[in-house]
Amino acid sequence: MSSQVRVRFAPSPTGYLHVGGARTVLFNWLYAKHTGGKFILRIEDTDQDRSTRDAERMQIEDIKWLGFDYDEGPEVEPSGSQTVEPSGSQTVVPSGSQKRGAPGSQKGGPYAPYRQSERLDIYATYAKELLDSGRAYPCFCSDEILDEKRAAAMRLGTVPQYDGTCRKITREEAARRVAAGEKPTMRFKAPVREYKLQDAVRGAVVFPPNMVGDFVVLRSGGMPVYNFCCVVDDHLMEITHVLRAEEHLSNTVRQMMLYETFGWKLPVFAHCSLILGQDRTKLSKRHGATSVHQYAEEGYLPEALKNFLALLGWSSPEHKEILTLDEMIAQFGLERLNKAPSVFDPVKLKWMNGQYIKALPLADVTGRAIPFLERAGIPAKDFDRAWLERAFDTIRGGLETLAGAPKAMEIFSNDEFALEEEARKVRKEAGFAAVAGALREGLAKHEDEKGDAISEAEFQALQEGVKTASGTKGKALFMPMRVALTGQTHGPELKLVVPLLGAKRCLKRVKRVLAHDSV
RNA sequence: GUCCCCAUCGUCUAGGGGCCUAGGACACUCCCCUUUCACGGGAGUAACCGGGGUUCGAAUCCCCGUGGGGACGCCA
């Protein structure tokens, strides 16, 4: 039980969830599922200027849209979910019968709260411990002086780091200055020695002595800072593996110092390579679409996005490209994490999304396309569902995103279509009138005798009639019919389109195209 | 600038001393299927950053160089 894997995703709620974050969630989540461990969501909102509840809500929404559930986190209802017992010391309470406040049933999970802004008293305790033991000290240096010194160090070609000026200040003097209204930060006395990290993806990483100076653990307002909270929380929440992006690699030495002074066991660190934009710099907003939300809106499927992201920095031991979630869970491991950074290729994502649109159960994808159709003014919700699915099935093969559905579905939804450029040329061709005319007669006759419904076979028979009546065949027969029926020179097979449209609408369309000026 | 990390087709990657005249996928080109478009199938173009070692043998191991990235915050 105590050896159970516990991983976490710890975003700062300062904006949407971006694809890099999404991949980090994915890897953590996969690892938890793979090992039968727990996946925890922790909100790192100690930067009060930038963190918002709105952003937090958005990120959680995106995480859920992607299909990730978490075992512990803010606002997780404890009943019904298999919440873990802290240190395995509690008895398991049957789900549903837990009382609020009972051990192991706190809101969100046994290590609640999961929002750092709600854990301030915890950090205060540990900060005090550092101060009392002389491992940290108040620092009264102003921003201006610090900035100046940093700039000077850069110019000199050394690592800009705090010079320890305030280490010399006595407790008495510090107390006096605080009483006088000064607001110090609290700095941790960084030990000067080499630190060796055994990283699960990088291998042995050596941080030389003097790599970092005394760093801030408490802001002047008393608010703790990332490196400090992260360590305290990971320890308290019994996180066993820290899977995060490489940008945190050099932070790790600071965190190791903290683990060391508190005498806490280090979790396993796994720093995966970054995702880069086309220009090979860290993927960011200026590279275009980078938020998960944006991809959702553009008609990408969460399955496709997950699959694509999984292959950025990880590869399947079976060398597969298209993997189901279950396959990913079964095959995921830290050993196959790639050290080299990878460039995000939106073209391949698109391709993969198309693969999923084609492969997912028809009823499922059709359902997901409906909002896109509705948004484009196609009242898909009102259509007969079976009919909609059949229609969607004829066009899904050509779709790369769901956002393309409205345009593709127009062939079925819009009887008042305008002729495309190429279609106009076809209409001007000599044989057009004969074919379209024969088609009109055939459709009128069908409607007269058999009504609106027209089967695939019936349409093909009708087509034979048009063929003989117009004396055309092949493309000369086929293109005019397509144009008269759809206004386009391409699209799904007519024998599939016509039965879906019905004789009546087909007739109406042909008549309209035949009346030149109307289109 | 300093420190850390990284280096296989344009991109994602396989490979971890002989199986490599380097495999797959996206993209691109061509062909086939198709009375359209797409889908699908087939073929093709295209890579081990450079230099030194180690070794009978290096894409693979070591060193140096070069290139790229990241970090150097009272951001995370």
Side-chain angles (χ1 to χ4, degrees), chain A residues 10-14 44-47 49-51 139 141 143 146-147 150 153-162 183-187 197 199 201-203 205-208 210-213 215-227 229-230 244-253 271 273-274 276 278 280-282 308 311-317 319-322 336 338-352 354-355 358 394-400 408 422 426 463 472-479 481-483 486 488-494:
Chain A
S12 62
T14 55
E44 309 219 321
D45 55 351
T46 54
D47 183 348
D49 295 334
R50 296 199 302 153
S51 301
C139 171
C141 293
D143 279 350
L146 258 18
D147 286 348
R150 211 178 346 259
M154 288 272 207
R155 259 179 271 122
L156 249 75
T158 57
V159 187
Q161 53 180 232
Y162 187 62
K183 292 206 179 309
T185 61
M186 188 194 287
R187 278 185 193 274
L197 169 68
D199 191 277
V201 356
R202 315 261 134 206
V205 179
V206 180
F207 301 105
N210 265 319
M211 192 177 158
V212 296
F215 56 91
V216 172
V217 289
L218 249 42
R219 288 175 244 249
S220 53
M223 187 58 95
V225 134
Y226 165 74
N227 280 117
C229 299
C230 184
R244 50 161 51 151
E246 195 199 323
E247 55 193 326
H248 289 289
L249 188 58
S250 43
N251 271 150
T252 310
V253 66
H271 288 95
S273 52
L274 291 172
L276 311 177
Q278 311 272 271
R280 306 204 70 96
T281 62
K282 190 163 71 166
F308 175 74
L311 265 19
L312 247 38
W314 177 79
S315 59
S316 148
H319 305 149
K320 288 179 77 172
E321 295 266 338
I322 305 277
R336 294 190 68 85
N338 199 158
K339 291 200 259 200
S342 41
V343 174
F344 186 90
D345 181 7
V347 177
K348 187 159 181 178
L349 205 210
K350 234 179 203 172
W351 165 78
M352 192 164 280
Q355 294 297 307
K358 286 184 259 297
T394 67
I395 57 114
R396 84 209 273 211
L399 292 183
E400 281 186 316
E422 286 302 305
V426 172
Q463 189 176 278
T472 57
K473 59 177 181 176
K475 212 170 173 176
L477 162 71
F478 181 73
M479 276 327 276
M481 289 213 312
R482 176 174 289 286
V483 166
T486 71
Q488 299 174 8
T489 53
H490 55 83
E493 289 186 80
L494 287 180

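Reminder, nothing fancy here: chain letters follow the sequence lines and each chain counts from 1. As the structure is a prediction and not an experimental result, all values here were calculated from the model.
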Exercise for the section: Using a 4.0 Å heavy-atom cut-off across all strands, classify A:Met211 as base, sugar-phosphate, or nothing. Expected result: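 The residue A:Met211 makes sugar-phosphate contact but no base contact.
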Practice task
Would you classify A:Val206 as touching base, sugar-phosphate or nothing, given that sugar-phosphate means primed atoms plus P, OP1 and OP2, and contacts are heavy atoms under 4.0 Å?
Solution key: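 If one applies the 4.0 Å heavy-atom cut-off, A:Val206 turns out to touch the sugar-phosphate alone, with no base involved.
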Considering non-hydrogen atoms only, spot the tightest contact between [X] and [Y] and give its length.
X	Y	result
A:Arg244	A:Cys230	NH2-SG, 3.8 Å
A:Thr252	A:His248	OG1-O, 2.9 Å
A:Arg396	A:Lys358	NH2-O, 3.4 Å

Can you say whether a donor on the side chain of [X] sits under 3.5 Å from an acceptor on the base of [N], or the other way round?
X	N	result
A:Lys339	B:A7	no
A:Asn251	B:A76	yes
A:Ser250	B:C3	no

Please confirm whether the shortest side-chain N or O distance from [X] to OP1 or OP2 of [N] is below 4.0 Å.
X	N	value
A:Arg336	B:G15	yes
A:Ser220	B:C74	no
A:Asn210	B:U2	no
A:Gln355	B:G40	yes
A:Ser273	B:C5	no

For the pair made of [atom1] in [X] and [atom2] in [N], what is the distance, rounded to whole Å?
X	N	atom1	atom2	value
A:Phe215	B:C72	CZ	P	13 Å
A:Asp47	B:G73	CG	C1'	11 Å
A:Leu249	B:C3	CG	C1'	11 Å
A:Arg50	B:C74	CZ	P	13 Å
A:Asn227	B:A71	CG	P	13 Å
A:Asp147	B:G73	CG	C1'	9 Å
A:Glu247	B:C72	CD	P	9 Å
A:Arg150	B:C3	CZ	C1'	16 Å

Handout entry: Any-strand Watson-Crick or G-U partner of B:C72, both distances under 3.5 Å
Key =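 Check on B:C72: paired to B:G1, both distances under 3.5 Å.
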Across [range], 5' to 3', mark each nucleotide with B, S or - according to how protein heavy atoms within less than 4.0 Å reach it.
range	value
nucleotides 41-46 of chain B	------
nucleotides 62-69 of chain B	-------S
nucleotides 29-36 of chain B	------BB

Handout entry: Closest-nucleotide 5' rank along RNA chain B - winner of A:Phe308 and A:Ala340
Key =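 It is A:Ala340, whose closest nucleotide lies nearer the 5' terminus.
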Practice task
Go through the structure and list residues passing side-chain hydrogen bond (donor to acceptor under 3.5 Å, both in side chains) with A:Arg482, not counting sequence neighbours.
Solution key: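 Residues passing side-chain hydrogen bond (donor to acceptor under 3.5 Å, both in side chains) with A:Arg482: none at all.
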Practice task
Apply side-chain hydrogen bond (donor to acceptor under 3.5 Å, both in side chains) to A:Ser12 and list each qualifying residue two or more places apart in sequence or on a separate chain.
Solution key: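 Per chain and number, A:Ser12 pairs via side-chain hydrogen bond (donor to acceptor under 3.5 Å, both in side chains) with no residue.
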Practice task
List for me each residue that meets side chain to side chain contact (heavy atoms under 4.5 Å, CB included) alongside A:Thr394, sequence neighbours excluded, and say none if there are none.
Solution key: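 Partners of A:Thr394 under the side chain to side chain contact (heavy atoms under 4.5 Å, CB included) test: A:Phe412, A:Pro492, A:Leu496, A:Leu500.
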